[in-house]
Amino acid sequence: MTKEKTIAEKQLFTPFNVIAGIIIFIGVIITILRFTRGIGAVTNLDNNNPWGLWIGFDLLCGVALAAGGYVTSSACYVFGLKKYHSAVRPAILTAFLGYALVVFALHYDVGRPWRLPYPIFYSPGTSSLLFEVGLCVFLYLTVLFVEWTPSAFEWLGFRKLRAWVLRLTLVLTIFGVILSTLHQSSLGALFQIAPSKLHPLWYSGYLHVYFFISSMFAGMSMVIFEGTLAHRWLHDKMDETHLAEAEGVVLGFGKAASLIMMGYVGIKIIGIAVDNNWHYLTTGWGFWFLFELVGFVLFPAILYGMGSREKNTTFVRIAAFWSILGIILNRLNISVIAFNWHLPSADRYVPSFLEIGTTIFIVTVGVVVYKFIATRMPILYEHPDYKEHH
Amino acid sequence: MAISRRKFLTSMGAAIGAGTTGALTKAYGATNQHFNGYPESFGVLHDITRCIGCRKCEQACNEVNKLDKPEKPFDDLKVLDQKRRTGEAAYTVVNKFGGTPDVFAKKQCNHCQEPACASACFVKALKKDKTGAVVYDESLCVGCRYCMVACPFNIPAYTYNDPLTPKVTKCTLCLPRIMEGKLPGCVEICPKEALIFGKRKDLVKIAWKRITDSPGHYMEHVYGEHEMGGTSWLYLSRAPFETVDMREDLGITPAPQFTSGALGTVPIVVGLWPVLLTGVYAISKRKEKIADEERKEAVQAATDLATTEMNKQLSQLKNKMTKEKEAAVKTEVKKALDATAKKAAEEANAAEKTPVTKEAVDDDTGNEEE
Amino acid sequence: MEFFTLHDFMTYSKGITYLIMGAILVFMPIYWLYLTDRDD
């Protein structure tokens, strides 16, 4: 009796669960504060800086890093590259949870979250890129949810439903690529309305192209990075196929990411040329811009290239993490660092601890749910009863 | 099949080229169309040279809109020592800029001809009215604050500390009062006529008349005539506008035009991506099929070759075996014959060598019974 | 239909465009099925 209880306790109070529990508890407190005392009580947002960490990180980085879903599923089902098959479900799960968390985070940031359906169902502001973002995110979340359901159905044993959903795979994948192209690019285009507020080295008429292209290697890098974490923490849940295909996925995405990142560096340089902004490169902001572009795009791109050439998965995994940092840096630069660059430093924005706490809380919820699903449903392995599906 | 695929790809290439070029050029969201604004819209002309910084306009605005009273009263002029921006209970502020004498300028929503806030709003909570006022509808606002990001003049404020009914706040051009034929609160109370209200097109003329009537007295520029595509609030100043916190680097492009390129690409993606992606899928499926067939053929050919080889070897072996068998038979036959011949020869020899007996001689049959 | 501002024009034209986009997304899969019906 006592022995069972101890074992049960042991399983519940793992270090992971305890830390996650504390973070979630704090998060609940912050949530209460937010909805009883307003956004101002929890954030450092003000009239000059209406968007801060929640938009810059939770929304922009969240969406960019969840791009692995459309990249992996299109690689496998549209481009016919079967070696990525075992990576599809984890990527779709990440994307689904990522977008769900973005919507969750939005409930904190937006003044009246219960009105979020308004722009789509009640009063569409069709001139707005934010309308486009909202519509696409709403539709894409639905697509991702449907793409995830086969795993759940296999877990629950709903054979017919699962078979029916699987017939939709190609259509959903293509629809997913379309929606992803649209909202990834539109998030960048949002800032195109404020040329007077974003530093010229980051502002461009091509912002929407930059965001779309960078979402591709953001997604690939996340797939590699998460695969690395899953191998460390969820290894026992992976079947032979998954383990056997892992290296191919890492090296394949490493090569692809390297190429795309090189292209991205090229079009960023073109953007400077087109607006004749070279002289900004020799300023302090110019250094920061090059720090981001050279230090966190060009260099990891080269490491990716070396890794894929020499079949060195360690290089590729390091490059993946490095690239992810670069994506985060880029999105934060555009939304909060290089945004309002001309304001005096007293008027600049820095996130509050409660804002940071909320972000950590939201990410933790994501990790907890991911772990719950990946340890119970056929994400990292193929369900033995359904092995025939491909 | 090869020809139609090539044609397909070429026509796709052309279509994408045309489509994306069209969408990426920085033309209007409406190519070749020009918009002049509502013809009878109102505006306000603010002659900065006449402002004395009395802050009565701030007070009138506060009263007309029934806003919360500020901490420091409106006649406290020490407030002017700090630069202020509009806030949730301050739709307008007057700021002081150094000089001899001091220069004062009033700031509030400029009611742009092509408002960035209205363009940004994804629920149509902000709209340009035909009177010229940019109107905010609190009943639609979701609180995304994109309008605040978009406004190049940093005007809209937000009630961040209201947990359940937060809203955007800004000058309303006193639309209710205008509709009653009254003047906006600030215009009415200004003791120095630094603010005059009228039809925008008339105010532009008045502004230029003042400039030309008093050469050297004003900057030769009517701020708001063209900035961001034109605003309903127009300004005259003696000091350069940058020195009174009015940015001169905003350009004349209206805000909606900045996003029309990206917005224009959206439907092209929806129209072409299904075609492209299905095409890629079809090509990859075809390649798979061909690869499968080629593999099957290769396997078949290899099998056939192996079979032929095997048959050849078999028949060779068979021939060889047959030959060997025949040879062996021949050898055996020869051997047998040789043996028989040898035996016969031996017997013949034996018969010659042995003495001939009577019985034996008489009997020439050779039959010897011994 | 007269538009006085670019914004009004864009709201209207984009509104119609979104509806067309929806129609395309419904029509295209149907058309693809029509094209590939008789494939092996």
Side-chain angles (χ1 to χ4, degrees), chain A residues 34-41 43 45-48 50-51 74 77-81 106 109-113 115-116 118-119 122-134 170 173-175 177-178 181-182 185-186 188-197 205-209 339, chain B residues 24 26 29 85-88 116 118-126 140-152 154 156-167 247 249-251 253 255-256 258-259 261-263 265-266 269-270 273-274 277-278 280-281 283-285 287-288:
Chain A
R34 152 69 182 94
F35 287 101
T36 55
R37 302 195 25 220
I39 298 172
T43 69
L45 298 174
D46 60 25
N47 293 327
N48 283 329
W51 285 356
S74 64
Y77 297 120
V78 176
F79 291 88
L81 303 169
L106 221 41
D109 187 83
V110 140
R112 302 197 206 202
R115 287 188 180 171
L116 277 169
Y118 275 31
Y122 185 42
S123 177
T126 50
S127 67
S128 169
L129 275 153
L130 196 57
F131 167 74
E132 210 269 304
V133 172
L170 184 65
T173 304
I174 290 181
F175 194 33
V177 176
I178 296 171
T181 309
L182 294 178
S185 57
S186 296
L190 284 179
F191 294 92
Q192 291 181 223
I193 204 170
S196 61
K197 297 191 184 182
Y206 298 126
L207 264 175
H208 56 296
V209 179
F339 186 80
Chain B
L24 287 175
K26 271 170 79 171
R85 58 151 286 157
T86 51
E88 53 179 275
S119 176
C121 184
F122 72 158
V123 265
K124 296 201 276 230
L126 287 154
L140 287 172
C141 179
V142 182
C144 73
R145 307 185 302 285
Y146 186 29
C147 56
M148 296 168 75
V149 171
C151 178
N154 277 322
Y158 198 66
T159 56
Y160 285 108
N161 293 317
D162 184 340
L164 296 176
T165 55
K167 57 187 176 144
R247 289 180 69 163
D249 61 344
L250 295 177
T253 311
F258 287 120
T259 54
L263 216 41
T265 321
V266 168
V269 169
V270 171
W273 259 224
L277 295 167
T278 311
V280 169
Y281 170 75
I283 291 173
S284 87
K285 269 267 159 303
K287 274 175 83 169
E288 243 179 69

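Atom set for the values below is all heavy atoms of this structure, side chains included, hydrogens, waters and symmetry mates excluded. Residue numbers start from 1 in every chain, and the chains themselves are labelled A, B, ... in the order their sequence lines are given, proteins ahead of strands. Fair warning: this is a prediction, and the values are worked out from it, not measured in the lab.
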Using only atom types and a distance under 3.5 Å, with no angle test, would you say the side chain of [X] pairs donor to acceptor with the backbone of [Y]?
X: B:Thr259; Y: A:Gln192; value: no
X: B:Tyr160; Y: A:Asp46; value: yes
X: B:Lys124; Y: A:Pro124; value: yes
X: A:Asn47; Y: B:Tyr158; value: yes
X: B:Arg145; Y: A:Trp51; value: no
X: B:Tyr146; Y: A:Leu190; value: yes
X: A:Arg112; Y: B:Pro166; value: yes
X: B:Lys167; Y: A:Gly111; value: no

Does any part of the side chain of B:Val123, heavy atoms only, come nearer than 4.5 Å to the side chain of A:Tyr122, both counted from C-beta? no

For chain A, find which of [options] contributes the most heavy-atom pairs closer than 4.5 angstrom.
options: B:Asp162, B:Asn161, B:Leu140; value: B:Leu140
options: B:Leu164, B:Thr253, B:Val270, B:Thr159; value: B:Leu164
options: B:Ala116, B:Gly251, B:Pro274, B:Ala118; value: B:Pro274

For [X], which atoms come within 4.5 Å of any heavy atom of chain A: side chain, backbone, both, or neither?
X: B:Thr165; result: both
X: B:Cys121; result: backbone
X: B:Asp249; result: neither

Value rounded to 0.5 Å, distance of [atom1] in [X] from [atom2] in [Y]:
X: A:His208; Y: B:Leu263; atom1: NE2; atom2: CG; value: 10.0 Å
X: B:Phe122; Y: A:Ser123; atom1: CZ; atom2: OG; value: 10.0 Å
X: B:Leu277; Y: A:Ile178; atom1: CG; atom2: CD1; value: 6.5 Å

